[in-house]
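For reference, the structure is listed below as structure tokens.
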Amino acid sequence: MHADSLGFIFLNTVLANNFVLAMFLGLCPFLGVSGKLDTAIPMGLATSFVMLVSSVSAYAVNLVLVTLDIEFLRLIAYIAIIASAVQLVEMTLKKYSPGLFRSLGIFLPLITTNCAILGLALFQTFKGYDFSQSVTYAFGAGAGFTLAIALMAGLRERLALSQLPSATQGAALSLMLGGLLSLSFMGFAGLGGGH
Amino acid sequence: MKRKTDNRIDWETFSEGLWRDNPVFVMLLGMCPVLAVTNSATNALAMGLATTFVLLASGGLISAIARYIPKQVRIATYIIIIATFVTMVDYVIQAISLDLYNALGAFIQLIVVNCMILGRAEAYASKHRPLKSLVNALGMGLGFTFALLCLGVVRELLGAGSLFGVDLFGENFQPWVVMVLPAGGFLVLGTWLLLFDWIKQRKTQSEGEELHAR
């Protein structure tokens, strides 16, 4: 497959260069909301949606910035877009699914400071992706994030049932689990071959 | 927003971030750069200093103008102030060392979304006098740098057999490559946390026994 083809970009972002497990983006929700599968999957989907919206808008805004030659404002412009996209998701969820809105709690507005989303917008700009490539990249990143957080939640649900030494409870254990997941995802590295 | 009356600056203001409320080991904030750029000690140090600068500059400015910012738009204002300073750091690093800039990559710009900085702005800088906020921000920044170095040193030592780029073990050393790969970051940070939890537990246990013996 050619390195710029859409299928390659998608597979590469979901598996070989998974945003969470290989590039360390979006760790806060990955560690914070992965306690239960019931909240982890909606969180993954909400994040994917924000990724998609901000990827499309970031592409458009970047075009404007480049034509006006004011690229130094990129960071500020991107963060403003992402904050509004999150606000949009928040209002939608509050109206259509108040229960879910409550269970996601503080982590919903915190999607704004999820580095996976700003990272996605920045990477697609650095890599010089065109429109369809950017959208595919956003889909891949969202799917990869959802996959990682769902796997993690599944593991933690099983662990809650087993007996552990008291010192290993809490964040240390989650990080160890993350390390093992990341190790197993390294097996996909042969698929992608570099960034 | 009500300002706290207590504006004394003491050792506690500074040392809080270094150990008791260390942003990485205790509060688990700003994890993404902690794991992503600590594959060598040099990167870790550079990232720590860049973050400290942004923390200091944004903390000082926000605490100086906090009373003029309407409450509804404060988070947006903080983010924009932080983003401005990060853009500055980004250009400065690019000018000083292109190698470092390429090694850190997008993670310099991603300092904007480091939750530690926004957290300090909201929880501390907006409620205290500028000087006190600066002292506290310096402590937090150094605590963050310390934590990054803890990871960077271990990972570079085990994964590449060197420290700050200087080869330590000679040719016969078989590098433990996984340590500089993503998985190593998770494992090393997990081990540090485990160690700190264990020490804390031992401490509370021995304190309890002392109390019992009395």
Side-chain angles (χ1 to χ4, degrees), chain A residues 17-28 30-32 71-80 82-84 87 109-123 125-126 165-186 189 195, chain B residues 24-39 75-76 79-88 90-91 105-119 177-178 181-202 205:
Chain A
N17 281 317
N18 187 291
F19 261 45
V20 181
L21 297 169
M23 288 158 84
F24 300 117
L25 296 168
L27 285 177
C28 294
F30 178 66
L31 298 173
E71 280 137 320
F72 58 89
L73 285 180
R74 190 183 283 144
L75 201 56
I76 297 177
Y78 280 8
I79 211 70
I82 292 169
S84 354
Q87 199 72 47
L110 278 184
I111 296 181
T112 313
T113 50
N114 183 337
C115 36
I117 295 172
L118 185 63
L120 172 85
L122 289 173
F123 282 131
T125 316
F126 292 157
S166 56
T168 58
Q169 279 159 8
L173 186 72
S174 308
L175 281 164
M176 290 292 188
L177 275 182
L180 295 180
L181 265 182
S182 170
L183 261 183
S184 51
F185 266 67
M186 270 167 55
H195 287 260
Chain B
V24 178
F25 291 136
V26 180
M27 302 202 291
L28 297 175
L29 290 175
M31 304 294 277
C32 308
V34 170
L35 294 174
V37 300
T38 52
N39 48 10
I75 300 286
I79 285 268
I80 288 182
I81 292 175
I82 295 169
T84 314
F85 285 117
V86 171
T87 311
M88 278 162 60
D90 189 52
Y91 280 100
F107 279 95
I108 306 172
Q109 304 207 354
L110 286 176
I111 296 179
V112 179
V113 282
N114 188 328
C115 17
M116 176 185 72
I117 298 179
L118 191 63
V177 181
V178 73
L181 293 176
F186 282 110
L187 294 177
V188 174
L189 183 59
T191 317
W192 276 114
L193 286 178
L194 213 57
L195 187 70
F196 287 136
D197 278 356
W198 184 66
I199 293 174
K200 212 184 282 172
Q201 219 168 46
R202 287 266 304 237
Q205 223 165 41

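Proteins come first, then strands; the chains are lettered A, B, ... in the order of their sequence lines, and each starts at number 1.
Contacts of B:Ile79 with chain A are made by side-chain atoms alone, with heavy-atom separations under 4.5 Å and no backbone atom involved. At a 4.5 Å heavy-atom cutoff, the contact between B:Val178 and chain A is made by side-chain atoms alone. Residue contact with chain A, scored on non-hydrogen atoms closer than 4.5 Å, involves the backbone and the side chain of B:Leu187 alike. Heavy atoms closer than 4.5 Å to chain B are found in both the backbone and the side chain of A:Leu183. Only the side chain of B:Leu181 has a heavy atom closer than 4.5 Å to any heavy atom of chain A. Looking at A:Phe72, the atoms closer than 4.5 Å to chain B (heavy atoms on both sides) sit in the backbone and in the side chain alike. With a 4.5 angstrom heavy-atom cutoff, A:Leu118 touches chain B via backbone and side-chain atoms both. Heavy atoms of B:Phe196 lying under 4.5 Å from chain A are absent altogether. There is no contact between A:Tyr78 and chain B, counting heavy-atom distances below 4.5 Å. Looking at A:Leu181, neither its backbone nor its side chain comes within 4.5 Å of chain B, counting heavy atoms on both sides.
Ranked by non-hydrogen atom pairs under 4.5 Å with chain A, the options B:Val86, B:Val113, B:Ile75 are led by B:Val113. Top candidate by heavy-atom pairs under 4.5 Å with chain A, chosen from B:Cys115, B:Gly185, B:Ala183, B:Ala76, is B:Ala183. When each of B:Gly184, B:Ala36, B:Ala83 is scored by its heavy-atom pairs under 4.5 Å with chain A, the top score falls to B:Ala36.
Rounding to the nearest 0.5 Å places CG of B:Leu193 at 15.5 Å from CH2 of B:Trp198. Note that the CZ atom of A:Phe30 and the CG atom of A:Leu27 stand 7.0 Å from one another [nearest 0.5 Å]. With values rounded to the nearest 0.5 angstrom, A:Met23 atom CE is found 12.5 Å from A:Ser182 atom OG. Atom OG of A:Ser174 and atom CG of B:Leu189 lie 11.0 Å apart (nearest 0.5 Å). We find the CD1-CD1 distance between B:Ile82 and A:Ile76 to be 11.5 Å, quoted to the nearest 0.5 Å. Separating the CZ atom in B:Phe85 from the CD1 atom in B:Ile117 is a distance of 11.0 Å, to the nearest 0.5 Å.
B:Thr87 has its side chain out of reach of B:Gln109: every pair of non-hydrogen atoms, C-beta onward, lies at least 4.5 Å apart. Taking the side chain as every heavy atom from C-beta outward, B:Trp192 and A:Leu175 never approach each other to under 4.5 Å.
The aromatic ring centres of A:Phe24 and B:Phe186 sit less than 6.0 Å apart.
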